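The structure appears below as structure tokens.
Here the structure is a predicted model, which is why all the values come from computation and not from measurement. Numbers here simply count residues along the sequence, with the first being 1.
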Amino acid sequence: MAAPMIHLFSSLLLCSTFLCFFHCTLSLLDPEDEAGILVQPDDVKMVQSNRDSRKICDFSVGKWVYDDSYPLYDSDCPYLSSVVTCQKNGRPDSDYQKWKWKPTGCTLPRFDALRFLGRMRRKRIMLVGDSMMRNQWESLVCLVQGVIPIGRKRVTYNGPAMAFHAMDFETSIEFFWAPLLVELKKGSENKRIVHLDLIEENARYWRGVDILVFDSAHWWTHSDQTSSWDYYMEGNNLIRNMSAMVAYERGLSTWARWVDQNLDPLRTKVIFRSMSSRHNKRENGWKCQNEKQPLPFLRQLHVPEAVVVLEGVVKRMRFPVYVEDITRMTEVRRDGHPSVYMRVIGEDEREKQGKGLSSDCSHWCLPGVPDIWNEMLSALL
């Protein structure tokens, strides 16, 4: 009888300690302090694992507000990929950089690089996922690198991982390429196989990290023509045809089991960022091209099935995971994509208004929308 009672007491102590961390941290913030979050008693309850009943600000509900003091850095940041430096590539308008997100019912603080690095001192933060997460990693690095002296910052590479080091803070901001989270391997006849129940080959890199931020959705929703694999596999069963969302749910469940079994919530914080919106449907002939402002409203809110699957998996977890919902806020930002400006556009091509050119309506120009995701991430931490 004593052993079960000790186990119950330990579980209650762990849960209360985690909840106290968030409640105590948020309650001490001064509402007038720009770097704090004012949490009202009636704020919306977020999707949490383990049926977590704590209430914090729902950043996903709000509106975009034009702010001429943005962006917080420029496209000369040396850590940006050329495909997202839309200004350098010839995009003529720049207002897409000047919209900040204003949540309903609370304050989202402006990103403060020194404050962020101070909180991350002697810590590792790793962003894990696909090219959208690489988009966010580049944004976060550019947000902080300006306050770090030359010679006191560097980037290192280790297989599928890269890390930006703020040496004086002993902080690393890392990106790990794992678009499916689970393992993708080559099989016989060079066929590409998604192993829905295998993850350790990727997850071994996640051990010892203080803050883990995950995303995974876009690759799962690729059509047959653009998918990056030929088969699924579970155990010894090779599967050719499976619903994309069924496969996504099984892959996410493998990730969830690994987190539940291998991470300590007193040592590691886990955030899962929902999928960002794509605007690939042709409207007015040119997808997201020539869009210069956010949409004023949505006629009908569409919640992607991938978000529903994610929320369902997280709710069943024992480990406390925060779902950072950016799907709704990006739904209206057709103006924020590179469009045809994912490479340098010459004057003659510009005169043709980009006709005949490929257009990227999935990734985001930087500076731009992902900077707001990192303001949200900073506030959560």
Side-chain angles (χ1 to χ4, degrees), residues 25 29 33-37 67 69-89 97-98 100 108-129 131-178 204-215 267-271 273 324 363-381:
T25 301
L29 294 172
D33 182 2
E34 188 181 358
I37 305 174
D67 187 332
S69 68
Y70 280 71
L72 302 179
Y73 60 92
D74 60 43
S75 57
D76 290 326
C77 173
Y79 302 99
L80 292 178
S81 302
S82 60
V83 292
V84 299
T85 54
C86 303
Q87 290 294 293
K88 280 187 172 183
N89 293 343
Q97 301 176 337
K98 297 181 178 295
K100 71 177 181 181
L108 179 60
R110 185 183 180 92
F111 191 91
D112 185 324
L114 284 174
R115 186 181 177 98
F116 178 83
L117 288 169
R119 292 199 306 270
M120 296 298 106
R121 186 181 296 274
R122 299 187 183 89
K123 287 184 171 62
R124 294 174 63 195
I125 177 170
M126 180 181 284
L127 283 64
V128 180
S131 56
M132 305 300 167
M133 190 61 90
R134 170 70 182 264
N135 220 176
Q136 184 174 356
W137 178 81
E138 292 184 5
S139 161
L140 184 56
V141 170
C142 288
L143 284 166
V144 302
Q145 68 90 26
V147 301
I148 304 172
I150 295 175
R152 304 305 299 162
K153 51 193 172 185
R154 62 192 176 98
V155 175
T156 59
Y157 301 88
N158 179 23
M162 63 179 69
F164 172 86
H165 300 269
M167 297 160 68
D168 292 332
F169 292 88
E170 300 177 62
T171 297
S172 65
I173 301 171
E174 306 173 35
F175 169 72
F176 183 85
W177 173 256
R204 61 193 173 96
Y205 289 89
W206 310 338
R207 299 178 190 273
V209 177
D210 299 281
I211 297 144
L212 284 164
V213 185
F214 293 94
D215 91 325
R267 170 72 175 83
T268 305
K269 296 180 182 66
V270 176
I271 295 167
R273 200 207 69 213
E324 182 186 1
H363 300 91
W364 301 91
C365 296
L366 289 177
V369 172
D371 301 330
I372 306 301
W373 308 347
N374 285 319
E375 287 190 325
M376 293 167 65
L377 176 62
S378 178
L380 291 172
L381 299 178

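Legend: residues meeting side chain to side chain contact (heavy atoms under 4.5 Å, CB included) with A163, ordered by chain and number and at least two apart, are T156, H165, E174. Residues forming a salt bridge (Lys or Arg N to Asp or Glu O under 4.0 Å) with K123 (at least two apart in sequence, or on another chain): none. Shown here are the side chain to side chain contact (heavy atoms under 4.5 Å, CB included) partners of R207, two or more places apart in sequence or in another chain: E200, W258, N262. For R152, the salt bridge (Lys or Arg N to Asp or Glu O under 4.0 Å) partners two or more places apart in sequence, or in a different chain, are D168.
Taking the six-membered ring for Trp and thresholds of 30 and 60 degrees, F176 and W206 have ring planes more than 60 degrees apart, a perpendicular arrangement.
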Result block: side-chain N/O donor-acceptor pairs under 3.5 angstrom for residues 78-85, not counting sequence neighbours:
residue	atom	partner	partner atom	Å
S81	OG	E138	OE1	3.4
S81	OG	E138	OE2	2.3
T85	OG1	S82	O	2.9

Per-pair distances, 0.1 Å, donor-acceptor, side chain in residues 143-151, under 3.5 Å, sequence neighbours excluded:
residue	atom	partner	partner atom	Å
Q145	OE1	K153	NZ	2.9

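The two atoms that bring W373 and R273 nearest to each other are CZ3-NH1, 3.6 Å, heavy atoms only.
Counting heavy atoms from C-beta outward, F116 and L140 have side chains that approach closer than 4.5 Å. Taking 4.5 Å as the limit, some side-chain heavy atom of L377 sits within range of a side-chain heavy atom of Q136.
Looking only at distances, no side-chain donor or acceptor of E170 sits under 3.5 Å from a matching main-chain atom of R121. Under the 3.5 Å distance criterion, the side-chain polar atoms of N135 are matched with a main-chain donor or acceptor of W364. Distance alone, capped at 3.5 Å, places no donor-acceptor pair between the S75 side chain and the Q87 backbone.
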| message | Working note: Y70 + R110, criterion side chain to side chain contact (heavy atoms under 4.5 Å, CB included); need CA distance, chi angles, decisive distance, verdict. | response | CA-CA 10 Å; Y70 280 71; R110 185 183 180 92; 3.3 Å; yes
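Residue-environment remark: NZ (K100) stays at or below the threshold of 12 foreign heavy atoms within 6.0 Å.
The CG atom of D371 sits 11.0 Å away from atom SG of C365, with the distance rounded to the nearest 0.5 Å.
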